Number of protein chains: 2
Amino acid sequence: MKYTNQRIEILEFLKEFDGHPTVDDVYEGVRKKLTRISKATVYNNLRFLAEKGLIKDVNIKGVSRFEANLVPHHHIICIGCGRISDYESEELTDYSLKIAGDIEGFEVETTDTNFYGFCKECKED
Amino acid sequence: MKYTNQRIEILEFLKEFDGHPTVDDVYEGVRKKLTRISKATVYNNLRFLAEKGLIKDVNIKGVSRFEANLVPHHHIICIGCGRISDYESEELTDYSLKIAGDIEGFEVETTDTNFYGFCKECKED
DNA sequence: ATAGGTGCAAACTTTTTGCTAAGGG
DNA sequence: CCCTTAGCAAAAAGTTTGCACCTAT
């Protein structure tokens, strides 16, 4: 794999971004440093990096979002505003993996749990 | 809410379909009975029904898929072929909801867990 | 030197919308 | 009868691809 400027900046952006940016978020963010980068390059690299396992494609509510946090974790998703937060719980991951052992004929590699509900702001409405 | 033929057939199709059909699957399936239905109607109704909570939009790997199974359950997703199976485990749901109580400032309504790995067929490759 | 990547534009795919006609409550 | 919905087509949004040029290894 080649470490081009574009690739490095995209990875860097994802690592520093606090949240789960969409393709456009990544494009706009990276463009601040690499003004001439094309959106196709962003798409191609996000796909490429996800296939290589260097980032994760978190597809929620029909929108592709990305994250560079590779530590197993869960997602808290607000039904109201769509905001996504990470939630780390080794306990829950372990519990799920224990259960996964009972699924016949299927070899589980990873697992994650989604929590759907309302965040502080949206709860008030 | 109006119970039009189109709406009824889409709901019926989802209830009888064994799996997680895409928009196209639904369109092709329903078209066997309602030959003149348009794809826009399928899109609009799937969105509408999902908003009403009569069906669920299971978005996995960037593709919208739908299901009429409203009983809380989990998903087993094959990384190889993309096939999705339901997995019912009240135990796991309860465990997750118990953990959810500790998430500060967030009111969890539902939760589900995804298991990623390889199915029997894909394991062999 | 060269395999693989970039930028750009165009092609494709997927989803939403505006409009008129029609059908359910 | 009225308001929502269907069908159609067109527009918008999202994603991939072909090609000529470039660059990391």
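These figures come from a predicted structure and were not determined experimentally.
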Inset, instruction - With rounding to the nearest 0.5 Å, note down the distance linking CZ in Arg83(A) to CZ in Phe106(B). - result: 10.5 Å

Inset, instruction - Give Val63(A) one of three labels, base, sugar-phosphate or nothing, depending on what nucleic acid heavy atoms sit under 4.0 Å from its own. - result: nothing

Legend entry - Helix axis bend for the helix from dA1(C)-dT25(D) to dG25(C)-dC1(D) - C1'-based end axes, five pairs, 10° rounding: 50°

Legend entry - ring pair (Phe, Tyr, Trp, His ring centres under 6.0 Å) partners for Tyr43(A), two or more places apart: none

Inset, instruction - Just jot down the ring pair (Phe, Tyr, Trp, His ring centres under 6.0 Å) partners of Tyr116(A), sequence neighbours excluded, or say none. - result: none

Legend entry - Under 4.0 Å protein heavy-atom contacts per nucleotide of nucleotides 20-25 of chain D, with B for base, S for backbone only and - for none: ---BBS

Legend entry - chain B footprint on DNA chain C, 5' to 3' - any atom under 4.0 Å from a heavy atom: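 Listed 5' to 3', the contact boundaries are dT14(C) to dG25(C).
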
Inset, instruction - Indicate the atoms forming the closest heavy-atom contact of Thr22(B) with Asp25(B), along with that distance. - result: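 Result for this residue pair: N-OD2, 2.9 Å.
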
Legend entry - Nearest heavy atoms of Leu46(A) and Ile55(A), plus distance in Å: O-CD1, 3.7 Å

Inset, instruction - For Glu28(A), enumerate each residue passing the salt bridge (Lys or Arg N to Asp or Glu O under 4.0 Å) test, keeping only those at least two apart in sequence or located in another chain. - result: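 Counting only residues at least two positions away or on another chain, Glu28(A) forms a salt bridge (Lys or Arg N to Asp or Glu O under 4.0 Å) with Arg31(A).
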
Inset, instruction - With sequence neighbours left out, write down each residue that passes salt bridge (Lys or Arg N to Asp or Glu O under 4.0 Å) with Asp24(B), or none if nothing qualifies. - result: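 If we apply the salt bridge (Lys or Arg N to Asp or Glu O under 4.0 Å) test to Asp24(B), skipping adjacent residues, the hits are Lys39(B).
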
Inset, instruction - Could you identify which residues of residues 30-49 of chain B place a heavy atom less than 4.0 Å from some atom of DNA chain C, listed by residue number, or say none? - result: Ala40(B), Tyr43(B), Asn44(B), Arg47(B)

For residues 6-19 of chain A, please give each side-chain donor-acceptor pair under 3.5 Å, one per line with the distance, not counting sequence neighbours.
{"from": "Arg7(A)", "atom 1": "NE", "to": "Asn45(A)", "atom 2": "OD1", "distance (Å)": "2.7"}
{"from": "Arg7(A)", "atom 1": "NH1", "to": "Lys2(A)", "atom 2": "O", "distance (Å)": "3.1"}
{"from": "Arg7(A)", "atom 1": "NH2", "to": "Asn45(A)", "atom 2": "OD1", "distance (Å)": "3.2"}

Legend entry - Lys123(B) atom NZ, over 12 foreign heavy atoms within 6.0 Å: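 Enclosed: over 12 neighbouring heavy atoms sit under 6.0 Å from NZ of Lys123(B).
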
Inset, instruction - Could you check which residues of residues 6-17 of chain B get a heavy atom under 4.0 Å from DNA chain D? Sort them by number, please. - result: Gln6(B), Arg7(B)

Inset, instruction - Check whether any side-chain heavy atom of Leu54(A) lies under 4.5 Å from a side-chain heavy atom of Met1(A), and answer yes or no. - result: yes

Inset, instruction - Provide the full list of ring pair (Phe, Tyr, Trp, His ring centres under 6.0 Å) pairs with a residue in residues 73-96 of chain A, sequence neighbours left out, each pair given once. - result: His20(A)-His75(A), His73(A)-His75(A), Tyr87(A)-Phe115(A), Tyr95(A)-Tyr95(B)

Legend entry - Residue pairs fulfilling ring pair (Phe, Tyr, Trp, His ring centres under 6.0 Å) with at least one residue in residues 48-69 of chain A, sequence neighbours excluded: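 Output for this query is empty, none listed.
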
Legend entry - Distance in angstrom units between Asp57(A) CG and dT15(D) C1', rounded: 12 Å

Inset, instruction - Send over the distance from Glu51(B) CD to dT5(D) C1', rounded to a whole Å. - result: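 After rounding, the reported distance stands at 15 Å.
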
Legend entry - Cluster check Val23(B), Ile37(B): I/L/V/M/F/W/Y, side chain < 4.5 angstrom: yes

Legend entry - Side chain Ser96(B), main chain Leu92(B), donor-acceptor under 3.5 Å: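 Yes: the side chain of Ser96(B) pairs with the backbone of Leu92(B).
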
Legend entry - Backbone of Asn114(A) reached by a side-chain donor or acceptor of Thr111(B) within 3.5 Å: yes

